[in-house]
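Just so it is clear: chains get the letters A, B, ... in the order the sequence lines come, proteins before strands, and each one is counted from 1.
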Amino acid sequence: MSSIGLKPGSWFSQTGMGFARSLRLGEFRLLLLACLFVAIALSVVGALGSRIEQAMQFRTSAILGADAILASTRPLNQEYWGLAEELGLETADSISFMSMLTNGQESRLVNVRAVSGNYPLRGEILIKSDTSPEGYVEYRHPPDQGAVWAATQAVVDLGLDEQGTLQIGDMQTDFVGEILLDPEGGVDRIRFAPRVIMNMDDLESTGLLTPASRARYRLLVAGDREAIEAFDEAVRPRLESYEEMVVADIRRDEVNSTVGRIISYIRLAVLLSVILSVVAMALAAQGLWRRQVVEMALLRCLGQQNRKTMFRLGLRYLAAGVPVCALGGLIGFAIQDVAGRIVQEQVIMRLPEPSLWSLTNAGFITLIALFVVTLPTLRAVQQVPSVILLRASSSPPMTQQKSTFSVLLLIVALTIFLAGDIVLALTVLPGLLLAALLFWGVTRLLIYVVGRMVGTRTSPYYVALKEVCSNGARSAWITSTFGAIVFALVLLAVFRYDIFESWGQTLPDDSPNVFAINIKQSNIAPLGEFLDGQKISRSDMYSIIRTRIVEINGRPVSEYNFTGEAKDRVGHVFNLTETADLPQDNEVVEGQWFQGAERGLSVEDETASELELELGDTLTLDTAGVRHTAPVLNLREVVWENMRPNFFIIATPGLLEGAPVSHMLAVHVDGDINRFINQMSREFPNISAINVSILLQRFQEIVNQGSMAISTLFVFTLLAAGLVFFGILQGQKITRQLQIALLKSMGASRSFIRKAVISEFALLGIFSGLLGSAMALLTGMLMADQIFEMELVVSWSWMAISIVAGIALVSIAGYLSIRGLLRVVPVQLLANNRG
Amino acid sequence: MIDNHKTMENSVLQANQVFKSIEHAGSDLDILRDISMDIAAGSTVSMTGPSGSGKTTLLGILAGLDLPSSGSIMLLGQTISTMDEDERAKLRNGRVGFVFQSFHLLPNLTALENISLALEVIPGSQDIKEKSVQSLESVGLSDRASHLPSQLSGGEQQRVALARSMVVNPAILFADEPTGNLDHQTSMQIVDLMFSLVEQRGSTLVLATHDHQLAERCDVQYRIEAGQLV
């Protein structure tokens, strides 16, 4: 007979029948469910993880408009274009210069950027739109010939309406859009004149660009990371003093820092889900094996040869595994596709297309995992003694040890494959293994101690205690596994809480949403009055001094062999501020903040590390030709993602006396931001204001999406943990059945048994909760420092919640697993046990 | 021992000076000693003895589920004591049936599927469903075809096990304490059914039991004590 309507006799039909019949076994279903989880997790992380990482790079690049920019004050050598083409890089170019823009009688000095047709290569230009729901439209190309876009400042100053005719040099042009955000329009850029973007093809008509013009020529390149690095390496040695190379830097991107944490969390959650699912697979395979021993012996009795039995069993796993792995891969692919679309739409990240390779990869790896967990049982088929059918005392071959070894190897391989980042692998894996070993050892010790103290009393609690103590190995095994589950869940819960907390701290409601720059000393007093008039409650004003590091400890920086970021840092002019107050979200990690009348510098800790600076080292700064030398007084840690003005170097007030100084203001405006900017521009024409609310809004969207992803993943991991719980309890069912039947036959009431079982699991829950949460908090602190780059606040309440959760989880799961058995009469339990 | 030997020409099973010993606590423990027997085709044979006498071990060795320490076994004309496990399995395939004390029905298979399993392992089997249904009918359980073992009583489970063993029309049926887990009345029904099916199909029955009444229904009766035929 065939349950699935196939012609009997063939291997195909036998496999189909075997599969259909095995589906009736809880252990088989658990094995497949765990398999599905592994495939989904692998597919999600395989596809989405790499896509988001690439997108992060894109996002950072969007700030530049490219993956790298080669800029020069003179026309660039055509060799650079050739080099980029050789490396397969996409190229675009721009030329920017200062010019007057005229609207009738009104004129304004603007920064004109003429760009090629494919500008920007990364990111978008946001043009104001009253008709679109977002309030803007994105463009990945410049305006058409004969048209320009202008920044808000120019629009206000020139009294431009939505459309209008302007004059730039010899050319008349149409104003067709107000720029809200453009590449290089990020918050950390100082621009002294509002931007105007025009098509490169119009440049000649303006007649503005001559060989003597002061202009900045840029070559923008985009492509594979390797190609960009190769371009960077090839170009840097050839750079002339007037040329500059800038490569998109993920680290300094405030949004990426947050996205980076989300990705680390996703990886951690997926890694833990995969590990838990693999453990569930192994438990299910073991449980299945105990069920299959009789079948294997019976098949041999009925005359089937061992190799055919192995083949039959192997095919059954394959027949079940292939569709399940494929389904898991597809579900994972669909999840990451949906998540990818959300990221793409909400975060405006250009995600690379999802690759089918990740789907097949996930399915294939899961199939290998299935093969690894079931291999010991396949190999054991030939060791099943047929006489087991005649003598109940004959023992089937034990596969646990081999299985444990192969599962451990599998987990190691998967961890390394998944973690990508070796630190995560090296933290989580030994953490889990150490936790399991520690749980095992400590539980055995506790059981031994408690066992010696237990007397003989007629109470369900003593029965429970006796049960735990007399089955030391089983109790230790349950505690180790439950402890590892508690470990995984607490670890995720702690980070979930902490990531949300850190975001909360990062983005308070009064985060600055308008930055104003180019503020003169004479503007400060009237500007204060203006802000009071606008009822702005909180504002931060910083002095801005453009300077350059020329010597370290008296030696010219050119004598140091700096590379990479350090070279960029000392090679370029940067913004420095003078202040006596430690800026918000800055923390002194070495030395002390400026005291009294001392004179010196405060350096951001990572910059100090790149430049190998220590406290007491001196820096010589060149500010408009005047040199000042000062010691490093302290090192600061800066939260770059706080969306506030941040500085690599801060000087004590008056240190760079006589240097040209402007000021920068960061304010939070509650009402109409554009109205505020317009009024400020009218009252202070020299001040440039930047609306960063769109950036903030996008940042918040990323945080919201990340929160959603994290919550979903937490639930996913919780379900994976549920599988392991179920696997353990399913494996115990036969023994429990016998135990309950015996207790019942000896006259124990249902309530007595219920209390005994719940107490037993509660005791194991105490062990698991205590050990699991302690280990999770220790690992968590290590990971917070090494991976998430955040401080984990460990509280006793967390510890207490974890322990209580552990007890509740284990007790409830334990009780639920035997609830059905409590209602059954003993004779039926014994009869089932016999079958 | 009551000797009722039929001729060697009709022999389906022969044991010649079979010994079985196992290592126990560093020394050899003899389970079976110098067992010789000759079982004729179509006969019914019982092996009785007290618990631990070695009757189940002997049954296992005669059926090729286990190997003797020395001596030889010839089953269906072939010496199985020199065969490897796969060769012995191949010999049993479709020609040997088993009934166990603990029934050993697979819990995830219905009554009908448990019976079909015996046919499914025979290469080239035809009409598996029809034959299985007939076999189930022959034990009076056609209305229980789709029931799982857990939904059947002990007697019903043993009837399904009997139907499974007889569906292949075995040349020889080995039964180990087939009524050991059943009450008296159910035992009698099962035994009647078993003898009737064996007779109908002309199979040989080799039965290990401690039940003297049951043993007396057999053509040949062996008694084993302390591993020896007495």
Turns out that what part of Ser165(B) lies under 4.5 Å from chain A's heavy atoms comes down to neither

Whatever's closer than 4.5 Å to a heavy atom in chain A on Arg164(B) counts as side chain

Looking only at heavy atoms, the pair that brings Leu141(B) and Val160(B) closest together is CD1-CG2, 3.6 Å

Looking only at heavy atoms, the pair that brings Ile39(B) and Met37(B) closest together is CD1-SD, 3.9 Å

Among residues 59-77 of chain B, residues within the sub-4.5 Å heavy-atom range of chain A, in order of number, are Leu59(B), Gly60(B), Leu65(B), Asp66(B)

Result for side chain to side chain contact (heavy atoms under 4.5 Å, CB included) between Met281(A) and one of Leu33(A), Leu370(A), Leu32(A) points to Leu370(A)

Using a strict cut-off of less than 4.0 Å between a Lys/Arg side-chain nitrogen and an Asp/Glu carboxylate oxygen, indicate whether Glu137(B) and Arg144(B) qualify as a salt bridge. no

Exercise for review: Look at Lys90(B) together with Glu85(B) and state whether they make a salt bridge at an N to O cut-off of under 4.0 Å.
Suggested key: no

(request) Please work out which of the three classes, parallel, tilted or perpendicular, describes the rings of Phe98(B) and Phe174(B), given edges at 30° and 60°. (result) parallel

Residues Leu302(A) and Val121(B): closest non-hydrogen pair is O-CG2, 3.7 Å

